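Shown next, in C-alpha cells, is the structure this report addresses.
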Amino acid sequence: MKEEFKPFVPAESNVAELTVKSILLGSIAGIIFGAATVYLALKAGLTVSASIPIAVLAITLGKKFFKTTILENNIIQTTGSAGESIAAGVVFTLPGFLFLSTDVGRQSSGEAFFNYMTILILAILGGILGTLMMIPLRRSLIVKEHEALPYPEGTACASVLKAGERGGTFARTAFWGLGFAMVYAMLQKVFHVIAEAPTWVSKQTNRFLPSAQLSGEITPEYLGVGYIIGPKISGVLVAGGVLAWLALIPLLATLLDPLLAAGQLVKLGLLADITKAGGSVGWDPVTQTFGDYPLAIYQAYVKQIGAGAVAAGGFITLLKTIPTIISSFKDSLGSIKEGKVVAEIKRTERDLSLKLVGIGSLALILLVAFLPQIPGDSFTNKFLIGVLVIIFGAFFVTVSSRIVGLIGSSNNPISGMTIATIMGTCLVFIAVGWTGKVYEPMALVVGGMICIAAANAGATSQDLKTGYLIGATPKYQQIALFIGVIVSSIVIGLTVRILDTPTPEMLAQGIKHAIGTQEYSAPQATLMATLIKGMLSFNLDWQYVLVGVFIAITVELCGINSLSFAVGAYLPLSTTLPIFAGGCIKGLINWKERKKVKTQEEDELGPGNLFATGLVAGGALAGVIVAVLMVIPSVRNNLSKVDVSPLFTQWFGEGGYQIIGVLLFLFMGFVLYNISGKKNESE
C-alpha cells in the first residue's frame, strides 16, 4: 500500500507566518520584480519566473537580518511572486489600448483608457480574480493530486526554502550576477561606453541580399534570459528572427516599390503623409527612399505577418492542450463537489471561506459595471463585461492552474488563452450587434483581465504547492497573495506609464508613446489589438496576417514549437540574437556536463542559473532606473554630459565603437560560462 504523503513540518510550526516583516519584505520583492518584468516584457515579450530569486533573497536577507523562519520566508516569496505574474498579464494586453482603430485625429479609440488609474484597477481586479478562483481549487489540485501534478517551480522553490534552513551561501552567486549586470548596464545606458545595439545593414542596392539587417541589443538581461530558457527555445526564437530579417525583409525590399510601402505605413498611422518627409523610417518623398529600409519593410508588412503567426501559434498551443483542459475542468468540478466540512481543520488545511469566492465574484461584476475608468457607455455594456470576465475567468483559471502543474509556469499558454477569450468576447459582441471601434476597448478589458487572472493563477498554484510541501497555512498564503496583488499593481502601473514617456527625439518625430516603438515593442499587446480590430471593425490586412498563420502551421507540422518561432519572427532580431547567445552558453554547459544526472532543484540552484538570474534582475532594474531618471529633464540633460560615445566614435570610428561593445558582451558571456562550470557548494 502506498504511503500517504506528509508535508515537511517546521521546527516552530506554531510561529506566526503573516507577520509585518514578511509582508513588508514580500511587498518590496514584488515591487522590484514587478518593475523588472514590465521592462523585460515590453522590450522582448518574455518573462522569467521570479519565485526562485525571491526565495533566495528571502533566505539571504530575511533570515540573516530579520531572523525570519521558513514559514515567514514562504510568505515573503508568496507575496513577492504576485508582482511578476501581474506585470506579465498587464504588459501582454493593456498597452493594446494604444493600437486599436484610430479616429479622424489618428488617435486610438482606446488611448483615453491607457492611463494610470485604469491600468491600476484592471491589474488589481484581474489579479484578485486569479487568486480568488484558486481558493476552491487548492484542495483538489495541490493536495489530492500531489503525485500527478508536480508543479515544478513550486517544488523547486520549496527545496530552496528547505536548503535555507540548513544554511549555506549559495545566494552569493545571484548577487554577483546582479552587481555585474548593474555595472555593465550603467556603462551601457548612462556612460555609453558599450554600444547598445551593434548593427550591420546591407544596402538597398545590394543585388545579393538587399536591406538585410543583423543586430543585437547586447544587454545582460537578454544574455541571462537565454541561459535560463536554454538552447532549444532560444534557438527556435532566433530562427523566427532569421526568417523575418534575413529572408522576408530582403525579399520584400527587392519586390516592392517604396511608394507602396510608404502608403502602407500611412494606412497604419506610422507615417503622417506620403508627401511629407520624416517618420521613424526616414521617408524622403522627393527621392522616394527610406533612411531605414529594413525598419520600413518590417513595420509595413513583416510585423503584421508576425502578428498572424503569433495568433496562430497561440491558438495551436491552446488546441493541443484541449484534452488537458477538458479533463482538468471536469476533475476540478468533481473534486469541489466532493468537498466535506469537518469539525476540526488542521492548520495546514485552512483555506479562506468559499463564501468569499461568491461574494468577491459578485463584487467584481458590480465594480466593473459602476467604475467610470472601465470602458463602456452604459450599465448594460459594463455589466456584460463583468459577467464575461467571471465566466472566462472561472474556466481559464482552472485551465492555467492545472497546466502549470504539469509543465510549469514558463510554458503556460497564457497568450493562447487570451486570444481565445478575445475571440469569444468579440463573437458575443457581434452576436448582440456591438461592432465598430467604440466596442474595441471593452473587448480588450475582458482579454486583459483574463490574461492577468490566468497568469496570477499559475503563479498562485506554484506558491500553494510550495506552501503545501513546507507545511504552511494556505489561508495566510491566500491573504498574502491579495496583498501582493494590490501593492505590486500600484508600482506596475507607474512603471508602464514611465516607460511609455517618449524621448525628445520621439516627440520631434511626432511619436507620443514610447510603447509600440522599437524601444518597447510590446508584441503581445499589439497582437491582441490587431485581433480585436480585425473582428470588430472588419478593417484588417488579412492577406498579411494569413501569411503568418500559414507560416506557423508549417513550422508546427515540422514538429517545432510554432509559438516560440512566431514570437521570434515578430520581434526584432536585435532582441532574439543576444538571447540565443545565452542559450548557446547553456548548451555548451549541458554538453560539458552531459554525463551528470541532475534533478530540477539542483539545476535551478546551480551557479549558472543563479548568476543568470542576477543578470536578468540587474539588467532589467538598471533599465527601469535609467528610464525613470530620463523622464526628469534636468537629470536627462546632466546624463547627456557623461555620454562618452561621441569620443569613442571619434577615436575608433562607428564600426570600432560597435566592435568594442561586442567584445565586452562576449566577455560577459565568458564570465557566465566560467561561473556556470563551477561546482555548487552543495555538491
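The structure presented is a predicted model; accordingly, all values stated were derived computationally and were not measured.
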_Nearest 0.5 angstrom please: Ile32 CD1 to Ser27 OG, how far?_
11.0 Å
_Within the structure provided, determine whether Val487 and Thr79 are in side-chain contact (heavy-atom separation under 4.5 Å)._
no
*asked:* Measuring from atom CG of Leu223 to atom OH of Tyr227, what distance do you get when rounded to the nearest 0.5 angstrom?
replied: 10.5 Å
*Taking atom OH of Tyr116 as the centre, does the number of heavy atoms from other residues, nucleotides or ligands within less than 6.0 Å exceed 12?*
yes
_Distance (rounded to the nearest 0.5 Å) between Thr37 OG1 and Glu84 CD_ = 5.0 Å
*Is it true that a side-chain atom of Gln213 and a backbone atom of Pro572 form a donor plus acceptor pair closer than 3.5 Å?*
no
*asked:* Regarding Ser85 and Asn456, do their side chains bring together a donor and an acceptor under 3.5 Å, going by distance alone?
replied: yes
_Strictly distance-based, threshold 3.5 Å: is any side-chain N or O of Ser202 a donor or acceptor partner for the main-chain N or O of Ala212?_
yes
*asked:* Quick check against the 3.5 Å criterion: does Gln658 have a side-chain atom that pairs as donor or acceptor with the backbone of Ala195?
replied: no
*Start with the C-alpha distance between Phe290 and Leu295, add both sets of side-chain angles, then the distance that settles side chain to side chain contact (heavy atoms under 4.5 Å, CB included), and finish with yes or no.*
CA-CA 9 Å; Phe290 293 104; Leu295 181 61; over 6 Å; no
*Hey, is the main chain of Tyr570 close enough, under 3.5 Å, to the side chain of Tyr298 for a donor-acceptor pair?*
yes
_Can you confirm whether Trp200 is buried at CH2, in the sense that more than 12 heavy atoms of other residues, nucleotides or ligands lie under 6.0 Å from that atom?_
yes
*Measure from the side-chain N and O atoms of Ser488 to the backbone N and O of Ala82, and report whether any donor-acceptor pair falls under 3.5 Å.*
no
_Between Gln462 and Gly458 (side chain of the first, backbone of the second, donor and acceptor by atom type, cut-off under 3.5 Å), is there such a pair?_
no
*Leu120 CG to Ile490 CD1 distance, which is reported to the nearest 0.5 Å*: 6.5 Å
*Under 4.5 Å between any side-chain heavy atoms of Asn590 and Pro231, yes or no?*
yes
*Is the CZ atom of Phe652 crowded by more than 12 outside heavy atoms at less than 6.0 Å?*
yes
*Interatomic spacing from OG1 in Thr526 to CD1 in Ile515 - rounded to 0.5 Å*: 9.5 Å
*Residues Lys512 and Glu111 bridged, charged N to O under 4.0 Å*: no
*CG of Leu246 to CG of Leu251: how many Å apart, nearest 0.5 Å?*
12.5 Å
